[in-house]
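Shown next, in structure tokens, is the structure this report addresses.
No hydrogens, no waters, no symmetry mates; every other heavy atom, side chains included, goes into these values. Proteins come first, then strands; the chains are lettered A, B, ... in the order of their sequence lines, and each starts at number 1.
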There are 2 protein chains.
Amino acid sequence: MATLRDVAKLAGVGAGTVSRFLNESGYVSDDTKLKIQDAMVKLDYTPNELARNLYHHRTGNIAVLVPSVTFPYFARFIECVEGELYERGFKTMICSTAKQQNAEMEYLDMLKRHIVDGVITGVHTLDDDIYRKIHLPIVALDRYLGEEIPVVTSDHKDGGRKAAMVLINSGCHRVMQFRGSQKVKVASPYHERHNEFERVMKEHGILIENYNLAWNHHDSPYYKKIAYEVAPILKDYDGFFAVDEGAAYVMSECERLGMKVPDDIQIVSYDGTFITDLTEPRLTSIVQPVEQIAADAADLIVQRIQGMSFLNKKIVRPVTLKAGGSTISCSTEE
Amino acid sequence: MATLRDVAKLAGVGAGTVSRFLNESGYVSDDTKLKIQDAMVKLDYTPNELARNLYHHRTGNIAVLVPSVTFPYFARFIECVEGELYERGFKTMICSTAKQQNAEMEYLDMLKRHIVDGVITGVHTLDDDIYRKIHLPIVALDRYLGEEIPVVTSDHKDGGRKAAMVLINSGCHRVMQFRGSQKVKVASPYHERHNEFERVMKEHGILIENYNLAWNHHDSPYYKKIAYEVAPILKDYDGFFAVDEGAAYVMSECERLGMKVPDDIQIVSYDGTFITDLTEPRLTSIVQPVEQIAADAADLIVQRIQGMSFLNKKIVRPVTLKAGGSTISCSTEE
DNA sequence: TTGAAAGCGCTAACAT
DNA sequence: ATGTTAGCGCTTTCAA
């Protein structure tokens, strides 16, 4: 592989001149420009980004941490954020942390080791203290990790309320929801949808049962398993609320047991990924604006890398209702 | 940020000694070991991987190119391959090429620019010639890209035959399949499933209609749209074959039009992702061994990076049948 | 067992 | 307008 110095030598100029030509910094006469171009072609020269990066103390890489890539919401988030980062000149490194617990820690370490310039984390396993000690570019998805780390989130409280109102307006009297594990030390913003869902239900005098999900499980086999367990119990309920994949598995299990959706049980799902259109009936769902959230996350991490600092920055984006056939009414009004 | 030299100075030793200590190469006396450790802690030292990589001419990054991250098969592939690469000491860079056509080219360029050490490509858009010119570590998924580039693939021919036999044994007489675009210059191995499906059907005197998919479209909205278009036509058919997502959308559209699965129309899907368990009835499907394929791809790219070379290497893994309720019989026997 | 020195390939300040 | 030089932070001979 030819180096910049090889090019300089062949062109009969100094290394600095070639560098200036490549980066369009400083003057290079047209005459030498041609000589350099010529040499570059002859040697099939490509600049070594590794050397350039060492000088500039940057890698151009951003790590995106998620519990699972196959979980539809995260898959879509990754797709969007990768596009946004690409447009801003960064490459996306991904890490699916479900399998290896230490992976999250390792990726944070990569910040210090100059392997990545920034981290966008959608993972909620490590102790917050660890994050508080790191004063490097981190952006969190749906989680407060200390005042220095900006957060991007949907308006989950409104989402929980909307989900509840749809089921209430559809005439439900006894509902169940899959709720995120309550064992995490600090409440994540996304817990609010379940808290609010419960609150609104109780406020309307409706019986609500919470099924607590295992901690940090976002894989299909898990949802499939608990859907199988829960479906028989749902014969005594007329409303159900869960994340898209959970809702879809529960719906198919219920139908397998002979229940009709929405006649016997009505279902509202959270996220609004492509899953919700795949079933019959389609799922009525609360849609997170994932494109917007990905763009926000990309903006924040890039700004943070460029030196901007934020204090208690929190971006909250509105959710919307998507009407499907899994509920009778699709109104969220009081 | 403290550097290795800072540590050396504080410990009162030479830079080389610290380096040897860090890499456990060469001798370091216990006494100086302690002094170095002490200095490292005091300075909160972390090695700069960028500098180390410049010396070693490696980045530890591997790019994985897919048309779409949300397409369930690719999402699962990414998840698996990321895990496999992580275990082998590599980070996974992803690129979803559907949005930007030039992205594929740019990522190949990153090989030369020392941004990544290798590329695993599941994308089929660029001209083969471009690949033939690059003599750097590349591994292809489901595509022959010249004799130097190893290929990993499922036994798609057997997959096509199995799919056909299930529908035949279930009593179908008039079937349709979604088939990959025929416009690509070189046949990808995955086209074989559709060719074989058609061949077996014709061999058994069964009417087969091919619906040609648009080129390089793997997004949900596209499948949703064509499912909507095709479903009314399917009233005249009793069998259908497509990739998971296509099959699921078609099934829900058919049910919406009042058709019963499997009574009116039977469906077999290809890939066997989590999607196939999400519907009611579940989809009978041909399952690709994605975990195995990801492990193969990881093995090959790492070996290639380590200098091994392959000539016309092709790994073909067997597919299996997963029984679902979308067909009456699930036998693949003649 | 250890230190000094020469690079990995590129950039930028400083002369000229 | 251009060449020279001194690094970026680490590794690795080579001599001591």
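- In this structure, B:Phe21 atom CZ and C:dT2 atom P are separated by 12 Å, rounded to whole Å.
- For the pair A:Arg58 CZ and D:dG9 C1', the interatomic distance rounds to 18 Å; values are reported in whole Å.
- The distance between atom CD1 of B:Ile115 and atom P of C:dG9, rounded to the nearest whole Å, is 16 Å.
- In terms of position on DNA chain C, the residue among B:Tyr55 and B:Gly14 whose nearest nucleotide sits closer to the 5' end is B:Gly14.
- For C:dG9, the OP1/OP2 oxygens have a side-chain nitrogen or oxygen of B:His57 closer than 4.0 Å.
- Rounding to whole angstrom units, CG of residue B:Leu54 and P of C:dT11 are separated by 12 Å.
- Within the nucleic acid shown, B:Val28 comes within 4.0 Å of sugar-phosphate atoms alone, with no base atom in reach, counting heavy atoms only.
- Side-chain N/O atoms of A:Thr3 include none lying less than 4.0 angstrom from OP1 or OP2 on C:dG9.
- The distance from atom CE of A:Met1 to atom C1' of C:dG7 is 20 Å, rounded to the nearest whole Å.
- Nucleic acid contact for A:His114: none, since no nucleic acid atom lies under 4.0 Å from a heavy atom of the residue.
- In this structure, A:Ser19 does not reach the C:dC10 phosphate: none of its side-chain N or O atoms is under 4.0 Å from OP1 or OP2.
- No side-chain donor from either of B:Glu148 and B:Tyr131 sits under 3.5 Å from a side-chain acceptor of the other.
- With hydrogens and angles left out, the side-chain atoms of A:Tyr144 and A:Asp128 include no donor and acceptor closer than 3.5 Å.
- With D:dT11, D:dC10, C:dG9 as the candidates, the nucleotide lying closest to the side chain of B:Tyr45 is D:dC10.
- The separation between A:Asp6 atom CG and C:dG7 atom C1' is 14 Å, rounded to whole Å.
- Remark: A:Thr32 is not in phosphate contact with D:dA1, judged by side-chain N or O atoms under 4.0 Å from OP1 or OP2.
- Checked against a 6.0 Å centroid threshold, the rings of B:Phe77 and B:Phe74 do not count as neighbours.
- No side-chain donor-acceptor contact under 3.5 Å links B:Ser188 to the backbone of B:Tyr190.
- For A:Arg20, the side-chain atoms get nearest to C:dA13 when compared with the rest of C:dG9, C:dA13, D:dT12.
- At a cut-off of 3.5 Å, with distance as the only test, a side-chain donor of B:Gln288 or B:Ser154 sits close to an acceptor on the other residue.
- In the set C:dT11, D:dC10, C:dG9, the nucleotide with an atom closest to the side chain of B:Arg5 is D:dC10.
- Within the 4.0 Å cut-off from OP1 or OP2 of C:dT2, at least one side-chain nitrogen or oxygen of B:Ser29 is found.
- Across all strands shown, A:Asn53 has no heavy atoms under 4.0 Å from either base or sugar-phosphate atoms.
- Atom-to-atom, CD1 of B:Ile36 to P of D:dT11 comes out at 12 Å; the value is rounded to the nearest Å.
- The residue among A:Tyr27 and A:Gly16 whose nearest nucleotide of DNA chain D is located toward the 5' end is A:Tyr27.
- B:Gln292 contributes no side-chain N or O that, together with a main-chain N or O of B:Arg317, makes up a donor-acceptor pair within less than 3.5 Å.
- In this structure, B:His56 places its NE2 atom 9 Å from C1' of D:dT12, rounding to the nearest Å.
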